[in-house]
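These notes concern the structure reproduced below.
None of these values were measured; they are calculated from a predicted model. All ligand and atom numbering here is 1-based and tracks the order in the structure.
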Amino acid sequence: MRFSISLVLLFSLCLGHGIVELEASHCIYDQLQISLNVSSNSTDQPYRTGYHFQPHKNWINDPNGVMIHNGIYHLFYQYNPKGVVWGNIVWAHSTSEDLINWVSHEPAISPSQKYDEKGCWSGSATILPGDKPAILYTGIDLDNNQVQNLAFPKNLSDPYLIEWEKFPKNPLMAPDSKNGINASAFRDPSTAWQGPDKAWRVVIGSKNDDLGLAILFRSEDFITWSQAKRPLHSGKHTGMWECPDFYPVAVDNVTGLDTSTLGSNVKHVLKVSLDNTKHDYYTIGNYNYRTDKYIPDNGSIEGDRGLKYDYGKFYASKTFFDSARNRRVLWGWINESSSVKDDAKKGWSGLQAIPRTVWLDKSGKQLIQWPVAELEMLRDNEIHLQHKSLDAGSTHEITGITAAQADVDISLEITDINKAEVINLKRHHAQKLCNERNASAKGSLGPFGLKVLASNDSQEFTAVFFRIFIRKASKQPVVLMCSDQSRSSLNNDNDKTTYGTFLNVDPVSEKISLRSLIDHSIVESFGGGGKSCITARVYPKLAVDDKAHLYVFNNGTEAVKVASLKAWSLKDAHIK
Ligand code: DQQ
């Protein structure tokens, strides 16, 4: 193996002592800031993915500065060049022509100046007039203050924009203690937008006590920025807002919009990453550029009880407008659920989710997310199943594809809603309900769905499933969507939290669909055509590579029907 006994000893010290908690709530494991040689041998690396973005080794977190420029997609991301844990953060850089196959370059932005000597933290790209990309990022200065800095490509005729120059007048924005802003809670500039008055606006994540803030700055020239008297928006009892993302969505179609678009058929989305809970939640509402205020729609719930992009592992996300294909694309960081000891063994930690196209649902009340269409070029060995009845307690194996690296799209129909259990939902939180009634707990209508990364003896599996209930109060049906990791691995060092959410689908008039992207240690699931998403990290010991199986199952007492199922093996993406 690639790490020595002394490192194991150092690691054990880390568990008890010597871990420094930072404001960004990442731990610093001093003793693990050491880059290891990492094996590429697949038998040593059962959890490496085939088509998700991940560097060869070391730690990654937030996607940064995502953009398209001259037909090339850019993904920058938080990266530790010196270890498998968070620290020494630089902006690593990769480029792609299709969002799936990637080539890596030298880090674009690394600590070098007194205003970013202690870290180059998250930020965003804005395409300025004349097609000139600009990056705003948070620097940690020598006194540990968080400040905002600007960088431009050194050579605009380089199609890959490999070298970036920091603006000589950095820092351009600093925290104002008179406004109650602490210098350790002022970070992650959004993509900027330009109002009809031509002034640029940008939001910075912050907090004042436990009031989460999207602090607004304005500028005429992108260089001199002044803080607006009031934030764009704030949220009571939400704590630090990290990585705010603010963008327009079209009301009546799926087309993406440039970040500066305003108009009567346009709503706005504000997403914030809640440091307290490590979830990305969003509201939909209206933005008034005259007052520079964003007001969420009635019923758009603020905070961790609100709508989440993803109810599993997905954080510090960021969107960009893809002008080549008129869509808005969402990137998000998927963290590990394994122990730091196991991360040190495999030599890497963290990945990026498959980029998702995002648009406003017809209801206007939520977003829809769907893997970018380019992923489909990796599909191979298509198999079909149609009109298959799944009797009570039955399991059916799906064969003919590589079950450890696959794309599965299933739609299910219930037969009789009157058989659904009546439940007082006021007392139930979706995740708790999924936890109490896991995949093995029989119900009437459900659990039914997929068992993925399953061993042939069912000792290991991850179940992504549904249960249908009738609400006691309204007598209306409700669909629960769960991702149950409790049996995902014989290794009990992993976090096996079960995730869950309610899915806004009428199970009487609609089929219940589920698409799951399976990639060795990731199960990224999209319920109801992208209305609810759940991403899980799992680390099977038995269900590895060709020992992994895929099943459809029904553990309810009532039959359900597989209206259709399509599944594909997915080929490896080229990620160099
Ligand atoms: N990660 C960055 C911060 C951001 C946090 C540091 C979110 O800029 O607030 O690596 O994961």
Side-chain angles (χ1 to χ4, degrees), residues 20-29 32-33 55 58-66 75-93 107-111 115-125 135-141 144-149 151 171 173-175 181-191 202-207 212-215 238-246 271-281 304 308-310 313-319 330-336 349-353 535:
V20 186
E21 270 275 0
L22 276 197
E23 264 295 329
S25 75
H26 298 292
C27 296
I28 301 186
Y29 295 79
L32 282 179
Q33 305 295 348
N58 294 336
W59 165 275
I60 77 168
N61 57 296
D62 321 350
N64 290 155
V66 290
L75 169 65
F76 304 87
Y77 55 93
Q78 298 275 283
Y79 180 63
N80 181 358
K82 296 191 186 150
V84 77
V85 289
W86 186 85
N88 312 299
I89 292 294
V90 304
W91 276 47
H93 183 200
I109 305 175
S110 302
Y115 54 77
D116 65 8
E117 194 71 61
K118 293 201 168 172
C120 296
W121 288 13
S122 287
S124 308
I135 281 174
L136 284 168
Y137 71 97
T138 298
I140 309 302
D141 74 10
N144 280 322
N145 296 315
Q146 300 178 1
V147 296
Q148 314 316 325
N149 304 315
M173 293 168 241
I181 301 307
N182 189 305
S184 61
F186 179 68
R187 56 182 180 269
D188 310 336
S190 69
T191 294
V202 73
V203 281
I204 316 291
S206 186
K207 67 171 177 181
L213 294 171
I215 298 182
T238 51
M240 177 68 196
W241 284 7
E242 297 189 311
C243 303
D245 194 22
F246 185 60
K271 182 281 302 186
V272 297
S273 303
L274 291 187
D275 195 18
N276 288 348
T277 61
K278 290 285 177 265
H279 278 292
D280 281 12
Y281 93 90
D304 205 51
K308 292 175 186 154
Y309 277 151
D310 194 299
K313 287 242 152 177
F314 188 90
Y315 192 65
S317 63
K318 193 172 292 300
T319 62
L330 167 69
W331 280 100
W333 164 44
I334 308 179
N335 197 358
E336 301 297 319
S349 176
L351 313 98
Q352 304 295 341
T535 297

| Close side-chain approach of W91 and I135, heavy atoms under 4.5 Å | yes
Does one side chain, of D280 or S273, offer a donor that lies under 3.5 Å from an acceptor on the other? yes
Any non-hydrogen side-chain atom of Y79 less than 4.5 Å from a side-chain atom of I89?
no
Quick look: T138 vs ligand 1, heavy-atom contacts under 4.0 Å, and the answer is neither
Checking the side chain of T138 only, and the main-chain atoms of Q148 only, is there a donor and an acceptor separated by less than 3.5 Å?
no
**Asked** Is any N or O atom of Y315, backbone or side chain, closer than 3.5 Å to an N or O atom of ligand 1?
**Response** no
_Does ligand 1 come near enough to W333 that some N or O of the ligand is less than 3.5 Å from an N or O of the residue?_
no
Check: of I60, D188, D62, min heavy-atom distance to atom 7 (C) of ligand 1 comes from D62
